[in-house]
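Following: one structure in structure tokens, then a few remarks.
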Number of protein chains: 2
Amino acid sequence: MEAPWFMSIKKNPQAEGKRLLMDAALTLTSNNRSLSSLSLRELSREAGLNPNTFYRHFKDFDDLGLTIIAELTDQIRQPLRDLRREAAASVLPLHAVDVSWEENPQLNMKRFMQVNKATIKLFFDFVASNPNAFIVGVRELHGASKVMRHALRNMMSAFAQDMAEDVEMLNLLPGLDKGPLLALSEVISRDTFLLSMDYIELPDQRDNICLQAENLVATLFIGSTVIGGQGALVVGAFED
Amino acid sequence: MEAPWFMSIKKNPQAEGKRLLMDAALTLTSNNRSLSSLSLRELSREAGLNPNTFYRHFKDFDDLGLTIIAELTDQIRQPLRDLRREAAASVLPLHAVDVSWEENPQLNMKRFMQVNKATIKLFFDFVASNPNAFIVGVRELHGASKVMRHALRNMMSAFAQDMAEDVEMLNLLPGLDKGPLLALSEVISRDTFLLSMDYIELPDQRDNICLQAENLVATLFIGSTVIGGQGALVVGAFED
DNA sequence: ACCTAAGGTATACGATTGTATACTTCAAAG
DNA sequence: CTTTGAAGTATACAATCGTATACCTTAGGT
């Protein structure tokens, strides 16, 4: 009698278990669990592996978490920058007559709002296609492990720096100094991350959530511009 | 031989264990643990009680958590409103000539900023004197238990409503409609809560963190006022 | 062709866990 | 007084936990 096909196949042994364990962790944590509440055996069971296999790849649960975060960052960071450029490119050229802000605040504010809206839409699309990764990320951002918290905070700081750089490079808001811009980016980065939980959990309110995010970003940027003494640049765009 | 005093004293048996268990939970979670990662025996051990005593008072850990949150809310909500009135009272009467915003934007903006600063200072003082409660609160706000998350979210919504009511009643920002005001309050409530973690963990940066919070609040309120079409009310206060 | 180390497994052990059952104590209502 | 119910304890047990030790398989370098 011959052995069934699936018993004779040897999968490629290239650290397959590592993937399985990381995926299992994502699966489990996405359903009302936190990393710190998982047990080794539970995780291995979900991954379909022997408990000891965990130690072949990770020192402890923090190690696992850091690996997940590193992968998450790799998957998100560059795409996010690309999204922003893409959004800017799809909007700006249409009005590329390059009217200065002083000349026509309304037009330039509309530009900004459109890039804003497009970027946010693309970001949340990304969230919706990687829900589990975002769930762990947000959960562990204020979770039990100090190591994890610091790693995620650093990740979000990096995102904020990217955002600030892009806004400056694309000349979206000329009235903003570098310092305030970076501070705002940190806030926006964090709040958008947190909002992504709502976006995942409340599929019927996604349009609303997008609007919320857009409003937050616009409010912050405009407020900061005014405080920076460049209010004349923007206030004209909102008067009747 | 007489028994030592502490053995003969019968503490009032009015659910003493309940207090001990809640305190134990706060103690344990404040030190790199989450509620969902606690074990029943661990908690009982910390409280100095028999494991089974837990069930005399709580159905499960969610029940414990909800009780903690309820108590937390009771301790914070009214004091917070009082703080805001106190801050407003300590600042407003000095300038109570009641100059309209249109007449003197600089003066009125200064009023707002002072109330803002005072409230935030008082709030963070409160945080510093109840650190453990805030740590659990923030940790469970995005934690594993859905029940807990909803409860904490409701709590923060209540805080936001309080804030919106107070701002309106104290006439701090006449240029803001009720809708946007409430939306902003929600954001501020959440962000301030999260900032309180930094305030607890980084005692040497507390002044900085206060400034951060003040800036955030000011930026949001001003930005929203401009978007609402009342930019003329505020923009004058920041021009050279 | 051999060796080695990485990836994965099997088994076992003591510690810890949640909970069930039964017992105690004591405050207060009857 | 008696009763009764709430608060807390003692003991016990099966399940699960983390981890130590030893073993198996295979890809890749020499």
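Chain naming here is simple, since letters A, B, ... match the order of the sequence lines and numbering starts at 1 in each. Basis for what follows: all heavy atoms, side chains included, without hydrogens, waters or symmetry-related copies.
With C/dG18, C/dT9, D/dG18 as the choices, the nucleotide that has an atom nearest any side-chain atom of A/Ser39 turns out to be D/dG18.
Whole-Å rounding puts the B/Phe54 CZ to D/dG8 P distance at 13 Å. Counting to the nearest Å, the P atom of C/dG18 and the CZ atom of B/Phe61 are 7 Å from each other. The nearest whole Å value for the distance from the CG atom in A/Leu40 to the C1' atom in C/dT9 is 15 Å. Computed from coordinates, the A/Arg41 CZ to D/dA20 C1' distance equals 12 Å when rounded to whole Å. Going from atom CZ of A/Phe58 over to atom P of D/dG18 covers 15 Å, rounded to whole Å. Rounded to whole angstrom, the span from the CD atom of B/Glu42 across to the P atom of D/dC17 amounts to 16 Å. B/Lys18 places its NZ atom 11 Å from the P atom of D/dG8, with the value rounded to the nearest Å. We find that CD of B/Glu46 is positioned 13 Å from P of C/dT17, with the value rounded to whole Å.
Applying the 4.0 Å criterion to OP1 and OP2 of D/dT9, one finds that B/Thr53 has a side-chain N or O inside that range. Here B/Arg45 reaches the OP1 or OP2 of C/dT17: one of its side-chain N or O atoms lies under 4.0 Å away. Within the 4.0 Å cut-off from OP1 or OP2 of C/dG8, at least one side-chain nitrogen or oxygen of A/His57 is found.
Between the side chains of A/Asn208 and A/Gln212, not a single donor N or O lies within less than 3.5 Å of an accepting N or O.
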Write out a two-atom table: protein N or O, nucleotide N or O from nucleotides 20-23 of chain C, distance below 3.5 Å.
from: C/dA20; atom 1: N6; to: B/Asn52; atom 2: ND2; distance (Å): 2.7

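You'll find the ring centres of B/Tyr199 and B/Phe126 outside the 6.0 Å limit. When ring centroids are compared, B/Phe61 and B/Phe54 come within the 6.0 Å threshold.
Put simply, the side chain of B/Leu181 reaches to within 4.5 Å of the side chain of B/Phe221, judged on heavy atoms.
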Hey, mind stepping through A/Glu186 and A/Ser157 against side chain to side chain donor-acceptor pair (under 3.5 Å) and telling me if it holds?
CA-CA 6 Å; A/Glu186 298 261 3; A/Ser157 263; 3.2 Å; yes
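Between B/Phe123 and B/Phe193, the angle of the ring planes lies from 30° to 60°, which puts this pair in the tilted group.
Under a 4.0 Å N-O distance rule, the pair B/Arg149/A/Glu201 qualifies as a salt bridge.
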